[in-house]
Amino acid sequence: MKTIKVGLLGLGNVGTGTYKTLEMNRKHIESNTGLSIEIAKILVNDINKKRDILVSPDQITQNIDDIILDPSIDIVVELIGGIEPASSYMLKALENKKHVVTANKAAVAANFDDLMDAAKKNQVMFRYEASVGGGIPIINALNTALLANEFEEILGIVNGTTNYILTQMTEYGLDYADVLKVAQEKGFAEPDPTADVEGIDVANKLSILISLVFGIRVPIEDIPTEGITNISKEDIRLADQFGYKIKLLATAKKVGNQLEAHVQPAFVPKDHPIASVSNEFNAIFVTGNAVEDLMFYGKGAGPLPTGSAVMGDVIEISKAIAKGAAFDHHTESKAVKMLRYVGEGQNKYYVNMMVKDVPGVLGSISTTFGAFGIGVDSVLQLSKDANINREVPLIFILHEVTRARLDEALNKIRSSKFASEIKSIIRVM
Ligand code: HSE
């Protein structure tokens with residue numbers, strides 16, 4: 001049986017999950033492919049770290065060149081995370097004619113063109129299925145089965161950690177910090193969970209999806225991004241009262257010849273399928289002009305679901321090597337001509353503010369919104385929640401408006417004698 005040799009960069013949560021996926025299903029993979037896949041070398045930071053898998057000392061190295069320059073290694077699997085040194089390692093591996101597989105959304109989003117170009121130039125394959133949606137095969141679907149479509153919209157929950165936190169806060173009234181700790185223990189979160197909770201991880205994934213779906217590169221710095229750190233239990237309770245759940249959404253949609261995109265927490269109507277996506281599960285909706293609406297659903301984080309996606313790429317490449325097939329690159333541009341990226345568009349918003357409980361407040365604030373062309377969809381005043389200064393929460397759901405226009409109106413309201421604090425502003429889907 002032909003053996004394909006793999007060099008693994010990194011043996012953290014995803015590295016261990018990949019190793020376990022291969023060992024767990026080795027017989028099945030061998031009988032399906034007629035190939036033996038061997039993890040020949042593993043790059044680690046700490047040789048003495050205790051691990052829950054058995055690796056022989058011969059397999060471990062701290063020197064990247066032991067993998068990248070080893071002529072017997074066919075595929076380099078990068079699971080270190082972070083933009084650097086991961087990107088340089090991958091580029092060097094590609095230049096040394098190694099096929100590369102990665103789960104690293106930050107590196108792929110930052111260096112999409114360079115990585116694709118290096119693979120093409122060196123006639124090797126570059127695959128990154130695990131970088132978006134964990135175990136969900138969204139990248140493969142977009143690069144193969146859905147190629148006949150032009151797309152109108154992508155909408156998704158693509159971060160397991162934040163979806164886990166929001167679900168636990170919603171279902172069990174748990175505190176943000178406690179749930180984050182559990183998500184880290186379960187291996188969902190990034191080594192530095194700031195990328196998860198501030199929405200950066202989602203922006204990386206959305207940038208990759210935009211490249212594939214709309215054929216234009218939008219760096220994450222250009223995607224308006226907000227995480228979940230300001231979401232309070234009160235927002236979650238009020239969302240429930242209005243008939244919504246709060247989810248961290250990635251959105252990109254064509255409006256005429258413009259592309260709008262943003263990453264933000266949003267009120268999602270409870271009867272929308274995405275509202276029932278819980279815990280570490282992810283879901284990605286795409287709307288193609290031939291296929292119409294599609295929803296991909298599955299575990300978006302965790303060692304084994306992510307290991308499944310990594311191994312899928314490794315097996316696809318191994319089969320191509322064994323067949324001596326020409327290596328495909330998935331790099332042809334599917335650019336939607338004349339599409340202009342504009343950032344955030346118009347949205348409905350929930351606004352929660354504290355106001356003085358005196359006659360005329362509601363009228364004055366609604367009039368100010370009206371003066372800025374902002375219509376009120378629903379309003380709720382909760383006198384039972386008055387504080388000791390006799391200020392009460394006043395909650396609005398507002399009709400479509402740009403965030404810039406809303407901020408102008410809220411600045412005017414803030415400077416009035418009625419409103420003491422704008423507590424939350426959250427998009428409504
Ligand atoms: N930290 C990521 C998440 C891992 O929670 O979704 C998968 O990309």
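We're numbering straight along the sequence, starting at 1. Just so it is clear, the values below take in all heavy atoms, side chains as well, and ignore hydrogens, waters and symmetry mates. One-based numbering, in listed order, for ligands and for the atoms of each.
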- K423 and E234 ion-paired at < 4.0 Å: yes
- Atoms of ligand 1, numbered as shown, that sit under 4.0 Å from any heavy atom of G160: 3 (C), 5 (O), 6 (O)
- Ion pair E30/K27, N-O distance below 4.0 Å: no
- Message: Please list, in number order, the atoms of ligand 1 under 4.0 Å from a heavy atom of E190.
- Response: 1 (N), 2 (C), 4 (C)
- Message: Using a 4.0 Å cutoff against the non-hydrogen atoms of D196, which atoms of ligand 1 qualify?
- Response: 1 (N), 2 (C), 3 (C), 5 (O)
- Task: Please work out which of G300, G302, A195, A189 has its closest non-hydrogen atom nearest to atom 7 (C) of ligand 1.
- Result: G300
- Message: Tell me if the aromatic rings of Y297 and F281 count as close, with their centers under 6.0 Å from one another.
- Response: yes
- Is any NZ, NE, NH1 or NH2 atom of the basic residue among K92 and D65 found under 4.0 Å from an Asp or Glu carboxylate oxygen of the other? yes
- Location of contacts on K205 toward ligand 1, heavy atoms closer than 4.0 Å: side chain
- Message: Are F369 and F396, when compared by the centres of their aromatic rings, separated by less than 6.0 Å?
- Response: yes
- N/O of F188 under 3.5 Å from N/O of ligand 1, yes or no? yes
- Hey, is E171 close enough to K245 for a salt bridge, meaning N to O under 4.0 Å? yes
- Query: Among all protein non-hydrogen atoms, which one is nearest to atom 5 (O) of ligand 1, and what is the separation to 0.1 Å?
  - Reply: T161 OG1, 2.6 Å
- Query: Any chance the side chains of S207 and R217 put a donor and an acceptor closer than 3.5 Å?
  - Reply: no
- Can you tell which part of N159 has a heavy atom less than 4.0 Å from ligand 1: side chain, backbone, both or neither? both
- Task: May I ask whether G134 has any heavy atom positioned less than 4.0 angstrom from an atom of ligand 1?
- Result: no
